[in-house]
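Proteins get letters first, then strands, A, B, ... in listed order; numbering begins at 1 in each. What you see is a predicted model, and the numbers here were worked out from it, not measured in a lab.
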There are 2 protein chains.
Amino acid sequence: MARRNDHSREEIRSMVLDAAEKIVAEEGFKGLSARKLASAIDYTVGTLYHVFANLDDIVLQVNQRTLDDMYDWLAARSGKASTPGDALLALAKAYIAYSETQANRWNMLFDYVPGNGNTLSDDYRLKVGRVFGLVEASLAPLTNRNSAIEVQQVARVLWASVHGICMLKIRQRMDFVGGLSAEAMVHLLIDNFLRGFGGKEAE
Amino acid sequence: MARRNDHSREEIRSMVLDAAEKIVAEEGFKGLSARKLASAIDYTVGTLYHVFANLDDIVLQVNQRTLDDMYDWLAARSGKASTPGDALLALAKAYIAYSETQANRWNMLFDYVPGNGNTLSDDYRLKVGRVFGLVEASLAPLTNRNSAIEVQQVARVLWASVHGICMLKIRQRMDFVGGLSAEAMVHLLIDNFLRGFGGKEAE
DNA sequence: ACCTGAACACCGTTCAAGT
DNA sequence: ACCTGAACACCGTTCAAGT
């Protein structure tokens with residue numbers, strides 16, 4: 001044994017990430033373990049630690065793939081609306097749909113809490129930023145009447161809000177009797193916010 | 001050994017929850033373990049399983065305490081504003097402050113993801129509902145012009161939104177250059193939403 | 001250089017046996 | 001009835017040793 005050299009370092013990396021994605025999709029965040037990953041790719045645990053720093057590192061790299069996947073999903077479903085409100089609503093609905101169809105992967109995206117002064121990598125933050133970029137793009141017409149920086153701020157506020165609605169729904173913190181669907185809630189949010197934002201000169 | 005009878009079942013329950021609260025506050029969600037809890041209260045692990053169903057059960061009961069604690073915190077900081085906007089803003093700022101000062105406990109509140117058809121207990125949902133109740137109360141003046149059900153829906157949408165802003169900030173999914181503080185973001189959210197909601201008859 | 005396998009220090013959960 | 005302690009089936013991570 002030892003020195004099999006069947007796969008390059010990079011091949012092992014992508015085999016691990018493929019296997020991790022599959023395990024998370026099927027069993028959720030908690031189903032992921034180093035030993036399960038190792039046996040899925042037919043190597044021993046030790047090998048994982050030659051390619052990744054630790055299990056958190058693997059989780060964060062899977063998350064980066066999920067962010068890319070989600071970006072593609074959202075991008076494919078945006079851009080064909082005529083008003084910022086419609087564009088944003090389409091994006092928000094696509095986000096809700098993604099969170100529902102990819103619930104386990106989507107949940108893992110936010111489960112990792114950087115602790116003790118740790119921060120997310122620049123790469124990770126870039127990929128998060130790209131998603132916010134889609135929101136900004138859908139609000140682009142507003143830059144006729146507002147500064148670019150204002151529109152950027154609105155994009156972040158609205159997207160974080162849409163995210164909050166989505167998260168509390170998925171994690172069952174909002175299933176009261178007579179509650180609206182997530183879609184109806186983001187509709188209410190976007191309609192009223194944009195009406196208020198558009199009419200703010202009247203004050 | 002065995003049959004010590006030093007403490008009643010209920011005493012053991014509250015000793016465990018006290019110890020769990022302390023461990024979570026100091027070391028976070030991941031620092032909590034059955035063995036650590038058992039040694040903190042000077043019993044063996046087996047005893048925990050006579051009082052609680054499992055570790056998730058303990059987590060959920062700690063969360064219910066946190067929800068009560070947070071409710072008290074929020075209630076103590078609300079109600080003295082003159083307009084719904086000011087009242088809501090005060091509540092949102094109190095929520096942000098709670099999430100920052102009690103970060104580990106607050107994070108655990110949302111980490112538990114009910115999976116495989118599980119649902120949160122009625123007690124748990126009642127305590128979540130109580131927090132939403134505070135938001136509804138601060139929006140009460142709006143019922144002059146809108147139905148109670150509409151105001152309830154607005155309360156839920158706005159609170160989920162405030163929560164989303166808070167969560168993405170705490171978990172570092174929004175630290176871009178030039179970003180607003182969480183407080184400034186909720187301000188922007190509430191101002192524009194309520195302006196839009198108040199002016200909706202004009203359409 | 002690459003990979004193994006065993007070791008270390010942990011886990012959650014169960015349950016026969018002791019008093 | 002109450003509690004123990006040992007067992008079972010797992011963990012993440014490290015690293016000397018083998019080829």
Side-chain angles (χ1 to χ4, degrees), chain A residues 1-17 19-24 26-63 104 108 111-116 118, chain B residues 1-17 19-24 26-63 104 108 111-116 118:
Chain A
M1 40 212 70
R3 191 169 212 177
R4 308 186 344 187
N5 233 339
D6 287 346
H7 305 93
S8 70
R9 201 182 163 79
E10 187 49 45
E11 280 171 334
I12 291 177
R13 193 184 95 95
S14 81
M15 284 160 64
V16 169
L17 295 180
E21 228 165 42
K22 191 155 173 268
I23 293 170
V24 171
E26 286 168 0
E27 308 173 39
F29 184 34
K30 284 180 180 164
L32 195 65
S33 82
R35 283 175 165 86
K36 217 181 271 179
L37 277 172
S39 94
I41 65 163
D42 264 309
Y43 276 80
T44 57
V45 257
T47 301
L48 296 181
Y49 290 84
H50 288 107
V51 181
F52 297 92
N54 49 41
L55 204 62
D56 271 355
D57 185 23
I58 296 176
V59 168
L60 288 171
Q61 295 201 33
V62 171
N63 280 351
N104 285 339
M108 193 168 85
D111 274 327
Y112 177 81
V113 183
N116 298 330
N118 285 338
Chain B
M1 42 213 70
R3 193 167 211 177
R4 307 185 345 184
N5 234 340
D6 287 346
H7 306 92
S8 70
R9 203 183 162 79
E10 188 49 45
E11 281 171 333
I12 292 178
R13 194 185 93 97
S14 79
M15 284 160 65
V16 169
L17 295 180
E21 228 166 41
K22 191 155 174 267
I23 293 171
V24 171
E26 285 167 2
E27 308 172 38
F29 184 34
K30 284 180 181 164
L32 196 65
S33 81
R35 282 175 165 86
K36 217 181 272 178
L37 276 172
S39 93
I41 66 163
D42 263 310
Y43 276 81
T44 58
V45 258
T47 300
L48 296 181
Y49 290 84
H50 287 108
V51 182
F52 298 92
N54 50 39
L55 204 61
D56 271 356
D57 185 22
I58 296 176
V59 167
L60 288 171
Q61 295 202 34
V62 171
N63 280 351
N104 284 339
M108 194 168 85
D111 274 327
Y112 178 82
V113 182
N116 298 331
N118 285 338

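His50(A) meets the ring-ring contact (aromatic ring centres under 6.0 Å, His included) test with no other residue; sequence neighbours excluded. Not a single ring-ring contact (aromatic ring centres under 6.0 Å, His included) links Tyr112(A) to another residue, sequence neighbours left out. Residues satisfying the side-chain contact (heavy atoms from CB on, under 4.5 Å) criterion with Ala19(B), sequence neighbours excluded, are Leu37(B), Ala40(B), Ile41(B).
The OH-C1' distance, from Tyr43(B) to dA1(D), rounds to 13 Å in whole Å. We find that CG of Leu37(B) is positioned 13 Å from C1' of dC11(C), with the value rounded to whole Å. One can place CZ of Phe52(A) at 16 Å from C1' of dC2(C), the figure rounded to the nearest angstrom. In this structure, Ile23(B) atom CD1 and dC10(C) atom C1' are separated by 15 Å, rounded to whole Å. Rounded to an integer number of Å, the gap from Asp6(A) CG to dA1(C) C1' is 14 Å. In this structure, the CZ atom of Arg9(A) is 13 Å from the C1' atom of dC3(C), given to the nearest Å. The distance between atom CG of Leu48(B) and atom C1' of dC15(C), rounded to the nearest whole Å, is 15 Å.
Under the 4.5 Å side-chain criterion, counting only non-hydrogen atoms from C-beta, Val24(A) is not in contact with Phe29(A). The shortest side-chain heavy-atom distance between Phe52(A) and Leu60(A) does not fall under the 4.5 Å cut-off. Considering only heavy atoms from C-beta on, Val16(A) stays 4.5 Å or farther from Val51(A) through its side chain.
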Would you list the protein and nucleotides 12-14 of chain D atom pairs, both N or O, that sit under 3.5 Å from each other?
| unit_1 | atom_1 | unit_2 | atom_2 | d |
| --- | --- | --- | --- | --- |
| dG12(D) | OP1 | Ala34(A) | N | 3.2 |
| dG12(D) | OP2 | Ala34(A) | N | 2.9 |
| dG12(D) | N7 | Arg35(A) | NH1 | 2.4 |
| dG12(D) | O6 | Arg35(A) | NH2 | 2.9 |
| dT13(D) | OP2 | Tyr49(A) | OH | 2.7 |
| dT13(D) | OP2 | Leu55(A) | N | 2.9 |
| dT13(D) | O5' | Tyr49(A) | OH | 3.4 |

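Between Arg4(B) and dT4(D), a side-chain N or O to OP1/OP2 separation shorter than 4.0 Å is present. Checking the phosphate oxygens (OP1, OP2) of dT4(C), a side-chain nitrogen or oxygen of Thr47(A) falls inside 4.0 Å.
As rounded to the nearest Å, dC10(C) and dA9(D) have P atoms that lie 22 Å from one another.
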- [ ] Carefully, step by step, assess Arg13(B) and Leu17(B) under the rule side-chain contact (heavy atoms from CB on, under 4.5 Å).
- [x] CA-CA 6 Å; Arg13(B) 194 185 93 97; Leu17(B) 295 180; 3.8 Å; yes
Open item on the list: Output the pairing pattern of DNA chain D as a dot-bracket string, 5' first, Watson-Crick or G-U wobble with both distances under 3.5 Å, | for cross-strand pairs, [ ] for crossing pairs.
Closed with: ||.|||||...|||||.||
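Distance check: Leu55(B) CG to Leu48(B) CG gives 8.5 Å after rounding to the nearest 0.5 Å.
In this pair, His50(B) does not lay its aromatic ring on the base of dC2(D); centres under 5.5 Å and planes under 30 degrees do not both hold.
A salt bridge (Lys or Arg N to Asp or Glu O under 4.0 Å) check over residues 34-63 of chain B, counting only residues at least two apart or in different chains, returns the pairs Lys30(A)-Asp56(B), Glu27(B)-Lys36(B).
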